[in-house]
**Q** 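The structure's right below; bear with me while I get my questions together.
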Amino acid sequence: VNGILKDESRIGTFEDDGSCREVPLYFYYPEVEDGEASKEFPLVFFSHGAFGYYQSNTSTYRELASRGYVVVSVEHPHHSFFTKDTDGKVVIVDPEFISNAGRIQNTDEVSDEETFEITKEWMELRLGDMNFAIDEVKRAASENSLNDSWYCKDLPEMSEALALIDVETIGVMGHSLGGAAAVTLAGCRTNKVGLRPLANGEKRRLAMIGCGQQMRTALIPQFLNKDRNATMQIVAVCDCDRVRREAAAKQVNDACKNNDCKAVADFRDILFDSTIDAVCIATPDHWHAYMSVEAMKHGKDVYCEKPLT
């Protein structure tokens, strides 16, 4: 079942008629057996990638729904290849957005400063969409009613989906740019769970697992960027290859002008270290899901490169 949220607090930046921002939502949820009508399931919000739309990750939504989750795919108009608005008009991707996404991904001509300014605008748009979606879905599920912010043709089915939601258990995830939005959102919302409060001047302690090319050329430089991650410190790198882990540790320590980052051979030593708050995983694909789950079991927040399955 699907609906469209109308955010009257935001003007559609891609529109020239002064209309408000619209956010399409698509719900995937478990089939409930007779006698289980009162059962509630964890809620997951999903943000699609730069080169995608709401159906790009349908197999993931269905897999999660089959395992007892309600999934809300949040579509971002003008970042999505195409969608429809409340008037039934087809809304296609913004040419400037898709051009900049291609430039950033496929060329070296875009400086770090320009990339930051461009992606900052993208993040603001997506965070606005996600925050509004989370707040409205929580309210609608708690009150079992839709207000004027909702546009939905199938009210009975939408009510059925909302009735299945456990509003106290909410997660966010996404693909590529959507994953970045999900990570940022989780760190910004005041009702987040898992992130411990920081003392004055304290930084969140991060470990990097898997020290190949993606980690050393893309992820470590991003996390070392003080403009974006002023409250985060890389305290450990991990790889079974000694040369790689020592090179990554040197990269971090040279950038920070200290020797605070240690090189670790066994990822389990990272998980057992209670002083580490979060992990970034960029290992070979077949390790992603296992390491992510184990890290969360040990109380770590996780950023993991795709794929997760």
Side-chain angles (χ1 to χ4, degrees), residues 42-47 60 64 67 69 130 134 168-176 178-199 201-212 214-216 218-226 228-241 244-245 248-249 251-253 255-256 260-309:
L43 174 62
V44 176
F45 288 86
F46 194 101
S47 174
T60 300
L64 287 168
R67 296 178 180 273
Y69 293 85
M130 295 285 279
I134 291 172
E168 299 300 324
T169 310
I170 299 177
V172 288
M173 61 187 297
H175 173 253
S176 191
V183 170
T184 305
L185 179 73
C188 291
R189 286 187 68 92
T190 57
N191 59 341
K192 55 189 175 286
V193 176
L195 293 174
R196 64 180 179 83
L198 294 177
E202 185 185 11
K203 294 186 177 182
R204 209 166 295 286
R205 297 167 61 83
L206 175 68
M208 320 297 277
I209 303 177
C211 300
Q214 175 70 359
M215 181 65 81
R216 299 200 306 274
L219 295 173
I220 286 178
Q222 293 290 330
F223 281 105
L224 286 174
N225 188 315
K226 292 182 173 58
R228 306 181 197 181
N229 298 294
T231 61
M232 188 171 290
Q233 176 186 7
I234 300 175
V235 297
V237 295
C238 178
D239 199 292
C240 58
D241 185 305
R244 285 186 170 187
R245 66 176 178 265
Q251 178 183 0
V252 174
N253 288 328
C256 297
D260 294 344
C261 179
K262 62 183 179 181
V264 178
D266 190 331
F267 81 95
R268 290 170 294 190
D269 291 335
I270 299 291
L271 304 188
F272 295 146
D273 186 340
S274 60
T275 68
I276 292 176
D277 298 302
V279 297
C280 174
I281 299 173
T283 56
D285 293 352
H286 63 279
W287 281 105
H288 287 184
Y290 176 74
M291 286 184 174
S292 295
V293 171
E294 289 302 307
M296 287 184 280
K297 285 181 178 178
H298 286 79
K300 317 294 186 195
D301 292 289
V302 176
Y303 172 92
C304 183
E305 287 287 280
K306 60 187 177 185
L308 278 176
T309 57

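Everything numeric here is computed off the predicted structure, so don't read it as measured data.
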**Q** Can a donor-acceptor pair be found, under 3.5 Å and without considering hydrogens, that links the side chain of Asp301 to the backbone of Ala278?
**A** no
**Q** Considering only heavy atoms from C-beta outward, does the side chain of Arg244 approach that of Arg216 to under 4.5 Å?
**A** yes
**Q** Do side-chain atoms of His288 reach the backbone of Glu305 as a donor and acceptor pair under 3.5 angstrom?
**A** yes
**Q** Taking ring pair (Phe, Tyr, Trp, His ring centres under 6.0 Å) as the definition, give me every residue that meets it alongside Phe46, ordered by chain and number, with sequence neighbours left out.
**A**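 Listed in chain order: Tyr61.
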**Q** For Leu224 and Gln251, work out which heavy atoms get closest and say how close.
**A** CD1-O, 4.5 Å
**Q** Can you sort out the partners of Thr231 under side-chain hydrogen bond (donor to acceptor under 3.5 Å, both in side chains), two or more places apart, ordered by chain and number?
**A**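 Testing Thr231 for side-chain hydrogen bond (donor to acceptor under 3.5 Å, both in side chains), a comparison that skips the adjacent residues, returns none.
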**Q** If every non-hydrogen atom of Val264 is compared with every non-hydrogen atom of Ala236, which pair is closest and at what distance?
**A** CG2-CB, 4.5 Å
**Q** How long is the gap from OG1 on Thr60 to NE2 on His175, to the nearest 0.5 Å?
**A**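 Rounded to the nearest 0.5 Å, the OG1-NE2 separation comes out at 9.0 Å.
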**Q** May I ask you to test the Cys211-Asp241 pair for a side-chain heavy-atom distance under 4.5 Å?
**A**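 Result no, sub-4.5 Å side-chain heavy-atom pair not found.
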**Q** Could you check if a side-chain atom of Cys261 sits within less than 4.5 angstrom of a side-chain atom of Gln233, using non-hydrogen atoms only?
**A** no
**Q** Only counting residues at least two apart or in another chain, list the ones meeting salt bridge (Lys or Arg N to Asp or Glu O under 4.0 Å) with Lys262.
**A**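 Partners of Lys262 by the salt bridge (Lys or Arg N to Asp or Glu O under 4.0 Å) criterion, ordered by chain and then number, come out as Asp273.
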**Q** Distance check, rounded to the nearest 0.5 Å: His286 atom NE2 versus Met291 atom CE?
**A**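 Taking NE2 in His286 and CE in Met291, the distance rounds to 8.0 Å.
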**Q** Sequence neighbours excluded, which residues qualify as salt bridge (Lys or Arg N to Asp or Glu O under 4.0 Å) partners of Arg205?
**A**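 Testing Arg205 for salt bridge (Lys or Arg N to Asp or Glu O under 4.0 Å), a comparison that skips the adjacent residues, returns none.
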**Q** Please report the shortest heavy-atom distance between Val172 and Met130, naming the atom on each side.
**A** CG1-CE, 4.3 Å
**Q** Under 4.5 Å between any side-chain heavy atoms of Tyr303 and Leu219, yes or no?
**A** yes
**Q** Tell me, please, which residues at least two apart from Glu168 pass salt bridge (Lys or Arg N to Asp or Glu O under 4.0 Å).
**A** none
**Q** Are the side chain of Lys306 and the backbone N or O of Ser176 linked by a donor-acceptor pair below 3.5 Å?
**A**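 The answer is no, because no donor-acceptor pair under 3.5 Å joins these two groups.
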**Q** Please report the interatomic distance CD1(Ile281) to CE(Met215), rounded to the nearest 0.5 Å.
**A** 8.5 Å
**Q** With rounding to the nearest 0.5 Å, note down the distance linking CG in Asn225 to CD1 in Ile220.
**A**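 One gets 14.0 Å once the value is rounded to the nearest 0.5 Å.
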**Q** Could you tell me which non-hydrogen atom of Cys238 sits nearest to which non-hydrogen atom of Asp266, and how far apart they are?
**A**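 Result for this residue pair: SG-C, 3.7 Å.
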**Q** Minimum heavy-atom separation for Ala207 and Ile270, please, with both atom names.
**A**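 Nearest heavy atoms, Ala207 then Ile270: CB-CG2, 3.6 Å.
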**Q** Counting only heavy atoms from other residues, nucleotides and ligands, does the tally under 6.0 Å from CZ of Phe223 exceed 12?
**A**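 Count over threshold, so yes.
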**Q** List in chain and number order the residues that pass salt bridge (Lys or Arg N to Asp or Glu O under 4.0 Å) with Asp260, two or more places apart in sequence or in another chain; answer none if no residue qualifies.
**A** none
**Q** Rounded to the nearest 0.5 Å, how far apart are CG of Asn253 and CD1 of Ile234?
**A** 10.0 Å
**Q** To the nearest 0.5 Å, tell me how far His298 NE2 sits from Arg268 CZ.
**A** 10.5 Å
**Q** Is there side-chain contact between Val235 and Thr275, with at least one heavy-atom pair below 4.5 Å?
**A** no
**Q** If you compare all heavy atoms of Lys300 against all heavy atoms of Ile276, which two are closest, and at what distance to 0.1 Å?
**A** NZ-O, 2.9 Å
